[in-house]
Structure formats: structure tokens, C-alpha cells
Amino acid sequence: MSLVTSLQCPRCGFVEKNLEAAKCPRCQSALLFEYDYEKVEQAFTSGEFKARTPGVWKFRELLPITSERNIVSLGEGGTFMHDCPRLAREIGIRKLLLKDETTNPTGSFVDRGMTVEASKARELGSRIITCGAKGNLGASAAAYAAKAGTKCRLLLPEILDTGKLYQMIAYGAELEPVRDYEDALRRSKPSPDEYVVSPASRFFLEGEKTTGLEICEQMSWALPDRIVVPVGNGGHLAMIWKALRDLRRAKLVGDESARMTCVQPQGAAPIVHAFNSKKTDVTPQDSVKMFAADIAVPAPLHGFMALKALTESKGSAISVTDREILKAAALLAHTEGIFAEPAAAAAVAGLAKAVKSDKVNRDEEVVCVITGAGLKDPNAVKQHID
């Protein structure tokens, strides 16, 4: 099934053959999976691949789970890519495609990472899944734990979107209050019986990568000019870029590149500040404004990888106001029938702002990733009405 061969450090380039290694022995950074790309090419160009059901596990050769019997799936991935001429005209861009992650099982792109995490937990024989429950992550962990038949322990910060809390309760998770998300991460301790889900996990990251794999497959193994991603920890953007690299190494796409664009809310934009200041790493932000809570991250776990992806792709980074995000969410719903939560609508807000300021060429073909559904944040619904 999996064609994984090794691990590699994205910071210093060290190659680790021990697939159980947690961190790079040279610089202590997180390690990412590498694959047998020649065999990946053979698999992905076969008739059998084309006949597979769309979704995350269609790309199983580029995922790090060794046996299909361990897969825990709710039918994630395989999301629609909308051609959006009306929204494109409103923004002033030649061609706009929206990768609609709102249709994932729990309503967000996070399900892509969670199916791989839950599958790894089953592979290890874990009986409890624990998670620092920052919104969509906690809701997804609760759903996949229920599907796997394991207990779910969620460490809840004080600030949480109501819709996501209702999901956690509905899926039967055990809820434990904590001071904040960082406190939740500190109190999550893995053990033989307990699997800790984290956006820092390389298994979670590999699942997120499938957004990029699907974009390319849906474009007949071509690349758009630009991919716009709303960013919190930075992992999703970085892994979409890794997906493009994996496909280049497998000779499934050409050597041309898509520019990556990072969008963050102005009240929490440490990656944007670092990139626009030409820094190679992210300085944590002392305090953040918690609008669009899922991407309001003061100390991004994958800030370095996100900056590297932006630099290598000759991309860009932009921050947007709360008002710009809400305006974009309304425009997206009115023109294309997609209701996105603020964290997701930030992508459209960022693209519109970048086009208006001539930071994005109006003749480009752009893919915006819409990461989560609007009903997850009832307060945002109220602001739409008001």
C-alpha cells in the first residue's frame, strides 16, 4: 500500500531511515515522509488508480499507513472544485477555482489529516484518542474516534466556536477544560494506550497534503498559477506545497510552479509579518485577536515550513481585517452558494485585497482553498444577518 521509504528534515535536509524516529537528530525539527516516487508514478498512471473512489485514500501510496485494514475513514476528501466566473468577475481575476473543503464529513479540511491520525492510532492499538481541541481539530478527532470505536478525550480552551463544541458533544467525546490551546498541548502526553492527535504530527500533515494532490489531479495533472490558503499553524499551506513537490518528483506534473499565497487575519498574522520582513523563521506574536479562531495562532507550529514554501514558490503573504473577511464570506455565499466560516473566507478576502493592490496579476488562474463550513461558527452567521 504505502510506498514510504524514509524521513527527511525540512529544515536541514537530514535523511532518516528509521521511520519511527520522532525528530531530526541534527536540529530536532519535525521530520516528513519521503516515498519511492518512481513507483508512485507507475501507480498513479495506472487504470486501477483512475478507477478508484475519489478521496484521501485514493492516494494511499503517498500516505504513511502500511495496511488498508487499519484505515479509519468517513469518506473524507474528493471535494468539488468549483469554477467561479461570477466571483472571479467581482474580484477582477481571469479565472478562479474554489476547492470546497466544507463538504468533508465534519465540515472542514482537518478531516484529511484526522483520517490518517486515526488510522495510525488503530495501527498502534491505541484505546484513547486525545486532542488539544482547537475548533475543527477537536470536532474532527471526536468524529473519527467514534468511527474507530475508541474513547476521545478533548482538552478544551476557553474560546471555542459554539458549532464546533456541539459537534464534539454529539460525537460523545469526554471534555476537559484547559486555560488555552498551548496549555492543552502541554497536557497532552502520549502513552501506549493513548494516541495524541496534534497538528504537529507528521501523520496529520501527510493527510493535509492530499488537498494539493487532488487539486492537481482535478486539473488533469496541471498546476494553477497560484494557490491561496488561509493559514493558522502553517501546516496546510506547507503540505500543499510538499504535494506539488511529490508530484514533480514522481514526474506527474511539470517543473513549473504554482505560487503559494498565505492569508491571515490582521489580529493574528505572525507568518505574514515574518515573510514580508524577509525573515527565515517566525517570531511568536505576544497576543492575538481571536476572530476567525481556527487561524488565530500566536506561535505557528509550522511557521518555518510555511515561510519556506512561500519563498520557494515565489509566493506572497497578506493579512485581512475582520470586516474584509465578513464581506468576503457574504460575497462567496451570494455569488457561488458556498457558506464558509470566517477562517475559510479569509482566503477570498486575501485574494480580493491582493488583486486590488496589484500584488496578484489579474490574468492569473487561481485556486482558493475554502477550509471550513459556515455553520461551524454561529456568531459569524449572526454578523451576516446584522
Any non-hydrogen side-chain atom of [X] less than 4.5 Å from a side-chain atom of [Y]?
| X | Y | value |
| --- | --- | --- |
| Ile227 | Val369 | yes |
| Leu7 | Arg202 | yes |
| Trp57 | Ile71 | yes |

**Request:** Please name the residue in the list Leu213, Thr79, Leu205 that meets the side chain to side chain contact (heavy atoms under 4.5 Å, CB included) test with Arg112.
**Result:**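 Testing each of Leu213, Thr79, Leu205 against Arg112, the sole residue satisfying side chain to side chain contact (heavy atoms under 4.5 Å, CB included) is Thr79.
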List the atom of [X], the atom of [Y], and the distance in Å for their closest heavy-atom pair.
| X | Y | value |
| --- | --- | --- |
| Phe203 | Phe33 | CE2-CZ, 3.7 Å |
| Pro199 | Asn233 | CG-ND2, 3.8 Å |
| Val297 | Ala268 | N-CB, 4.1 Å |
| Gly234 | Ile271 | CA-CD1, 4.1 Å |

Self-check item: With Glu341, the side-chain hydrogen bond (donor to acceptor under 3.5 Å, both in side chains) member among Thr371, Asn136, Thr102
Solution: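 Only one of Thr371, Asn136, Thr102 forms a side-chain hydrogen bond (donor to acceptor under 3.5 Å, both in side chains) with Glu341, namely Asn136.
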From OG (Ser257) to CZ (Arg226), nearest 0.5 Å
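Interatomic distance, Ser257 OG to Arg226 CZ, rounded to 0.5 Å: 10.5 Å.
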Rounded to the nearest 0.5 Å, what separation is found between the CG atom of Leu63 and the OG1 atom of Thr66?
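Spacing of CG (Leu63) from OG1 (Thr66) equals 12.0 Å.
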Hey, is [X] close enough to [Y] for a salt bridge, meaning N to O under 4.0 Å?
| X | Y | answer |
| --- | --- | --- |
| Arg153 | Glu194 | yes |
| Glu123 | Lys120 | yes |
| Arg86 | Glu336 | no |

TODO: Compute the ring centroids of His82 and Phe80, then answer whether they are less than 6.0 Å apart.
DONE: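 Yes; Phe80 has its ring centre under 6.0 Å from that of His82.
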Classify the angle between the aromatic ring planes of Phe59 and Phe44 as parallel (below 30°), tilted (30 to 60°) or perpendicular (above 60°).
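Phe59 vs Phe44 ring planes: perpendicular.
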Working for salt bridge (charged side-chain N to carboxylate O under 4.0 Å, His left out), residues Glu117 and Arg122: CA-CA 9 Å; Glu117 285 278 69; Arg122 175 176 282 178; over 6 Å; no
task = Kindly confirm or rule out a cation-pi arrangement of Arg248 over Trp241, judged by NZ or CZ under 6.0 Å from the six-membered ring centre and within 45° of its axis?
result =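 Relative to the ring axis of Trp241, which defines the angle, Arg248 lies inside both limits.
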Next on the checklist: Both conditions, 6.0 Å and 45 degrees, for the charged tip of Lys251 above the ring of Tyr37: are they met here?
Outcome noted: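 No, Lys251 and Tyr37 do not form such a contact.
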Test: side chain to side chain donor-acceptor pair (under 3.5 Å). Region: residues 13-33. Which pairs qualify, not counting sequence neighbours?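 Every pair satisfying side chain to side chain donor-acceptor pair (under 3.5 Å) with a residue in residues 13-33: Arg11-Ser29.
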Assess the residue pair Cys262 and Phe275 against the criterion (side-chain contact (heavy atoms from CB on, under 4.5 Å)); give the C-alpha distance rounded to whole Å, side-chain angles, the decisive distance to 0.1 Å, and a yes or no. CA-CA 10 Å; Cys262 159; Phe275 181 76; over 6 Å; no
